[in-house]
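Read through the structure below, which is laid out as structure tokens, and then see the notes.
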Amino acid sequence: MKYPFEEIELKWQKYWEENQVYKTDFKNDLRKLFSLVMFIYPSGAKLHCGHWYNYGPADSWSRFRKLRGDNVFEPFGFDAFGLPAENFAIKSGVHPYDSTMKNIEDIKGQLKRIGTMYDWSGELMTCSPEYYKWNQWLFLKLYEKGLAYRKNAPVNWCESCNTVLANEQVLADGTCERCSSIVIQKNLTQWFFKITEYAERLLDGLDRINWPEETKTKQRNWIGKSTGAEIIFKVENSDSEIKVFTTRPDTLFGVTYIVMAPEHPLVDKLTTAECSQKVKEYVQNSAYLTEIERTSQTKEKSGVEIGAFAINPATGEKVPVWIADYALLSYGTGCVMAVPGHDERDFEFAQKYKMEVKKVILQPGTGESDVLTEAYTGEGTMINSGKFNGIRSTQGILEVIKFLEESGFGKGKTNYKLRDWLISRQRYWGTPIPIIHCEKCGEQPVPIEQLPVELPYDIQFKPTGESPLRSHPEFMNVKCPKCGGNAKRDPDTMDTFVDSSWYYFRYCSPKYAAGMFDEEITDKWVPVDMYIGGREHSTMHLLYSRFIHKFMFDLGMAKTDEPFKRLVHQGTITNMGAKMSKSKGNIVIPEPFIDKYGSDVFRLYLMFMGPYEMGGDWSDKGITGTERFVQRIYDLAEANAGLLKNYPDTERFDISHINPEEKGLYTKLHKTIEKIEYDIENLKFNTAIAAMMELTSEMVKHISGCSNEFKAHIFERMLILIAPLAPHLAEECGEILGRKGTIYENPVWYEADKNALIDETVNYAIQISGKLRGTILMPIESTQEEVYEAAKSDPRISKFLEEKEIIKQIFVKNKILNLVVKP
RNA sequence: GCGAAAGUGGUGAAAUUGGCAUACACGCUAGACUUAGGAUCUAGUGGAGCAAUCCAUGGGGGUUCGAGUCCCCCCUUUCGCACCA
């Protein structure tokens, strides 16, 4: 009979749900396993194959662990705040709340068809006040500790859309994603979280978690630690000082000019009257470039002199001060000491503007008088550096720092590329920032007992560039919590990455009202043991949550200081070479395939396509392969209906007491058990399925020659092996075969019988001088002599040995015999 | 430019440690059963050659009895980061 997937998938999904098979008992934390996939943004585009590729295999892994005896918690929820819903509202007039609720309903329906073990009692959505209340609480805690603060900062601004854009909405060429006009930088007062305070701990923690090396490397690069010195340059005829950061204090004697970022606050003050016109033009010009444009290496460097001179603290020499947009205000001190002799960028700039190049590090193997034709950035001996002459540059770094510290002109300093996290958005559909601005008392936190600050439903969606909340008087006008006078709420909302930086805690007690989460549970159930999601979050979500988690640890609310013990990235499924996205119109939806083949076949196919962490371009070409495979298993079960009712399970068989067909199957089965254990644990689903296919083929061929007791043994184990990969199929076949109880209510895993893993004979590869000339079947553990004799007497091999002298034999037991002959 | 990953049949891909390259599938070819086949089953299927054999893991060197796997150089693709002083 054709495998009736429609009926049975519904039947088992209903059964699992009604019997609460996947409900987690938090009281039992023995062998607890928190298995998590990144929650979904409920967009109108709904679930596509990429989502399935994330959730299906992740669920198979969790199911495998459940069968092995782990107490698995696998929750799901919705990352429900965010820009797309609001943009949709601007276009269509549908309120973000309404569209989001509808999308969540739709997606939930789609999700249920996968047949996952989600414990829906953990379900949450970030847009509900009972969730975002705790975002606000978190904000206030950070505020209290000085880790949330407001400052003026440059942001992306589209003059045509009249709004702030997230970095992700600015295309690589510096234009607006929506209207293609140029995006400029504009200074606005914004809220930040001080993630930089945690930079060192964020680096340290990476050494203690089981994450892909590529992701750890990305985070390390993103944090971008570099050590060097901060050096003070006095300014001639001024009481101002210019501070620079450098990783090469050993090149201090080679400084020939200073570069400041055009937006540097000292620029106005230090610019002389003669230069002011040129400087003003330059500053204005660079404001129209995006950071992306400014920092693109293809652009030629440019700059102007501001007329001031700085004094080199080591030499007393005066050097000109320039502004140039290759200096970034956001890194280091925003000022650079330029050493054209030993820095490529400074060299390029000095060439263009005809500035002096001083050689202070001697490249090994070159002479002092050799002229530099390019910057030498390596190590060497210090020259032209006063009392430091002759010192190796690596040592010189330390010596110069010592000199700076003693003379008060600077100090050793560590710098990070990581910037503070800008969390305010001039948007409606997010968590309101719980701050009240009072003209008299200034910035006032909303008292905790007044949380949540609820997002009003009635609101005007117009892309005005201001938060829509600002034009909602009932929301905006409040009394100051301190003086009771009239005051205004902060009109901004939080970045949705705040929501996702602690949601895994909340899953354990989504309805908890006495705090962010029930620590009695999270103390035992957090951290997440397995986290599966895409690479695109390597430096965003995955860094933010590590930061927030460490903060929770500092508050005493988390027992560990890392949120995700083990991390795996599934590969990206592309379509026609491009990542699936609604705007590209290349989304592949799963429904047609589930309708045609069923959920298990589709899940199997996704896992069978290739290595899980690799992904690839979508094609449904091979799906019939997994369809046939499922049908063969179903046929086998039907042909042996009731078997397990009539024949009890035998734990193991003695190989010497079963017939050859049974023996072959027995060995195959137990080898398959071992392979599948290794493969699924390591998310190598494709080879696990291949192994199951092999086992199934062997069963189809040989099962009729087996005793009923033996059949019962193999079917019982085969069901358990396929259960994580095709859960509906396994339950149904179990029922057909007359198995006692359902699989997932009574999880069990069978260990491989080690005795069955050893073959009695092995196929030796016989090589002559490294070339394969034949194979011979030998009893296991044969000696070199025995194999050699057998090889010599085999005509296929002996003909290569005629009149040849064997000068060496290489023998690898149970594998290979290589006879090296004289050429 | 820097960093990471990858390159194996017509296609998706296997190959825990240096030890029989191409498992498992898709597709294709032939046959069987069929009114029929986009069903099922059986056999075959890296390339060249009648054959013995030879050649094949992006290209070129090397180490080794033996290299898809280790080392060096180069090419291509994908993804990150992109003047970070």
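Note that the coordinates shown come from a computational prediction; the quantities given were computed from them, not determined experimentally. So that the names make sense, note that chain A is the first sequence line, chain B the second, and so on, each numbered from 1.
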For the pair A/Lys668 and A/Glu698, find out whether any cationic side-chain nitrogen is under 4.0 Å from an anionic carboxylate oxygen.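 No, this pair does not count.
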With both distances under 3.5 Å as the test, what is the Watson-Crick or G-U wobble partner of [N]?
| N | value |
| --- | --- |
| B/A5 | B/U77 |
| B/G18 | none |
| B/C24 | B/G12 |
| B/G66 | none |
| B/U40 | B/A32 |

From OH of A/Tyr612 over to P of B/G12, roughly how many Å is that when rounded to an integer?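 A/Tyr612 atom OH is separated from B/G12 atom P by 21 Å.
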I want to verify a distance call: between B/U53, B/G19, B/A15, whose nearest atom is closest to the A/Arg773 side chain?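 The listed nucleotide nearest to A/Arg773's side chain is B/U53.
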Has A/Tyr678 got its ring stacked on the base of B/U16, with centres under 5.5 Å and planes less than 30° apart?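 Here the ring of A/Tyr678 and the base of B/U16 are stacked, with centres under 5.5 Å and planes under 30°.
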Can you confirm whether or not the ring centre of A/Trp222 sits under 6.0 Å from the ring centre of A/Tyr544?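 Centroid distance A/Trp222-A/Tyr544: not below 6.0 Å, so no.
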Is the centre of the A/Phe349 ring less than 6.0 Å from the centre of the A/Tyr326 ring?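 Ring-ring flag for A/Phe349/A/Tyr326: true, centres closer than 6.0 Å.
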Taking donor-acceptor contacts at under 3.5 Å, does the side chain of A/Glu214 reach the base of B/G80?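 Looking at the base of B/G80, it does not pair with any donor or acceptor on the side chain of A/Glu214 (distance under 3.5 Å).
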